[in-house]
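Presented below is the structure to which this report refers.
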2 protein chains.
Amino acid sequence: MLSKKTQYAFHALIHLAENADKGPVLISEIAQEKNISIKFLENILLELKNAGILGSKKGKGGGYYLMRTPKEIPLARIIRLLDGPIALLPCVSLNYYERCETCKNEAVCGLNEVMSKVRDATLKLLENKTLKDILTRN
Amino acid sequence: MLSKKTQYAFHALIHLAENADKGPVLISEIAQEKNISIKFLENILLELKNAGILGSKKGKGGGYYLMRTPKEIPLARIIRLLDGPIALLPCVSLNYYERCETCKNEAVCGLNEVMSKVRDATLKLLENKTLKDILTRN
DNA sequence: CATAAATCCTATAAAAACTATAGGATATAG
DNA sequence: CTATATCCTATAGTTTTTATAGGATTTATG
């Protein structure tokens, strides 16, 4: 399961995308709208900003805004940033790979093979679906 | 990522499948072979037994053994038993569903839609691939 | 320049989950 | 009867997750 952090990030990004025309959005506005602890959300938005996904403006009239269009932000990017690996095992992770301690040869490990397929199926969706795809449909 | 518990369970099940002809296998043998804490493994095997996946025999000559053929044990069963939900969000989980607090209508939630697809793609593999599929290939 | 508004930054607290260990109870083979 | 092995439940230790705190910094505005 995705952490609360990542879940909150998605909801915040949705709010920012849906209010992109109104200039910078206050943390407090997002927190209230999405029922998120304001201080927790602050840390999350800061991380998204440091990763280049969001921009911000300080002082009066300030707030957060998207640095790219929703279509350019794949869901996998957000998950990896806040949750880490998407794969089910370290030995099949593309971005957080760790060698399997137990098995002698990953190339002939059946578990490795199946979990690689799960990873591929998951990534096919999460790399191609973007913030645009999770905005309210209508 | 899958917990150590589930990872250990897979390795233990593989060992049991590959030694099914030799009668009950000792916890200590599996622990040594797969480098798992014997006491931790004991708890895991007990859980698998209570779920009907393994059988056991006490006393001299005792140990654990599979209650079904490897082909009859889907990977999803093991993961759900030891790790819980396979889905990335509570609101798209089939076995551990929880209503989404934030969104008003899950039927039109784009996040729900994408994560449902991820779940379906993952389950298609994990429900159909079994212990048999992760045994060493040769 | 002074002030208020807002993010920035880092530390830490609180809670939960995960990993591991302990030790006696129970059953069984011989 | 004894040794062997699982059964069972409690608890300890560690890490991760979730949340909070509070001062520093930047900026708009009068």
Side-chain angles (χ1 to χ4, degrees), chain A residues 1-12 16 22-32 34-67 79 81-85 88-90 96 101-102, chain B residues 1-12 16 22-32 34-67 79 81-85 88-90 96 101-102:
Chain A
M1 302 263 284
L2 299 177
S3 66
K4 287 280 183 190
K5 206 165 162 180
T6 299
Q7 293 182 43
Y8 291 161
F10 280 136
H11 286 124
L16 288 172
K22 295 171 193 147
V25 179
L26 292 182
I27 299 175
S28 55
E29 178 185 319
I30 304 172
Q32 179 160 22
K34 302 291 186 177
N35 267 291
I36 307 171
S37 146
I38 186 172
K39 272 299 197 176
F40 194 29
L41 181 59
E42 188 182 314
N43 292 327
I44 296 168
L45 296 182
L46 196 54
E47 245 178 296
L48 290 170
K49 185 212 153 195
N50 290 334
I53 294 160
L54 296 182
S56 69
K57 201 183 161 195
K58 288 182 175 178
K60 190 161 190 178
Y64 279 96
Y65 50 88
L66 295 175
M67 285 292 278
I79 295 175
L81 178 66
L82 300 174
D83 252 28
L88 293 181
L89 294 178
Y96 300 83
E101 297 297 330
T102 304
Chain B
M1 302 265 283
L2 299 177
S3 66
K4 287 281 182 190
K5 207 167 163 178
T6 298
Q7 294 181 42
Y8 291 160
F10 280 137
H11 285 123
L16 288 171
K22 297 172 193 146
V25 179
L26 293 181
I27 299 176
S28 55
E29 177 185 321
I30 304 172
Q32 180 161 20
K34 302 291 186 178
N35 267 292
I36 307 172
S37 147
I38 187 170
K39 273 300 199 177
F40 194 29
L41 181 58
E42 189 183 313
N43 292 327
I44 296 168
L45 296 182
L46 196 56
E47 244 177 298
L48 291 169
K49 186 213 154 194
N50 290 334
I53 294 161
L54 296 182
S56 68
K57 202 183 161 195
K58 288 183 179 178
K60 191 162 189 177
Y64 280 97
Y65 49 88
L66 295 176
M67 286 292 278
I79 296 176
L81 178 66
L82 300 174
D83 252 30
L88 293 181
L89 293 178
Y96 300 83
E101 297 296 331
T102 306

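Atoms considered below: every heavy atom in the structure, side chains included; atoms not considered: hydrogens, waters and symmetry mates. Chain naming here is simple, since letters A, B, ... match the order of the sequence lines and numbering starts at 1 in each.
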Discussion item. My understanding is that only residues two or more places apart in sequence, or in another chain, count here; which of them pass side chain to side chain contact (heavy atoms under 4.5 Å, CB included) with A/Met1?
Written reply: B/Pro85, B/Pro90
Practice prompt. Please list, chain by chain and in numerical order, all residues satisfying side-chain hydrogen bond (donor to acceptor under 3.5 Å, both in side chains) with A/Lys22, sequence neighbours excluded.
Written response: A/Asn19
Practice prompt. Starting from C1' on C/dT7, measure out to CD on A/Glu47 and report it in whole angstrom.
Written response: 15 Å
Worksheet item: For every nucleotide of nucleotides 13-24 of chain D, 5' to 3': is a protein heavy atom under 4.0 Å from its base (B), only from its sugar-phosphate (S), or from neither (-)?
Response: -----SBBBB--
Worksheet item: Roughly how many Å is it from CD1 in B/Ile44 to P in D/dC8, rounded to a whole number?
Response: 17 Å
Discussion item. In this structure, how many angstroms lie between the P atom of D/dT9 and the CG atom of B/Leu46, rounded?
Written reply: 9 Å
Discussion item. Which residues pass the salt bridge (Lys or Arg N to Asp or Glu O under 4.0 Å) test with B/Glu29, not counting sequence neighbours?
Written reply: none
Item to complete: Report yes if some heavy atom in the side chain of B/Phe10 is under 4.5 Å from a heavy atom in the side chain of B/Ile79; otherwise report no.
Response: yes
Worksheet item: What residues form a salt bridge (Lys or Arg N to Asp or Glu O under 4.0 Å) with A/Lys39, not counting sequence neighbours?
Response: A/Glu42
Discussion item. From CD of B/Glu29 over to P of D/dT6, roughly how many Å is that when rounded to an integer?
Written reply: 10 Å
Worksheet item: Heavy atoms under 4.0 Å, any strand shown: does A/Leu26 hit a base, just sugar-phosphate, or nothing?
Response: sugar-phosphate
Worksheet entry | Inter- and intrachain pairs under salt bridge (charged side-chain N to carboxylate O under 4.0 Å, His left out), touching residues 44-60 of chain A, at least two apart | A/Lys5-A/Glu47
Practice prompt. Round to the nearest Å and state the distance from B/Lys57 atom NZ to D/dT4 atom C1'.
Written response: 12 Å
Worksheet item: CD1 of B/Ile27 versus P of D/dT4: gap in Å, rounded?
Response: 15 Å
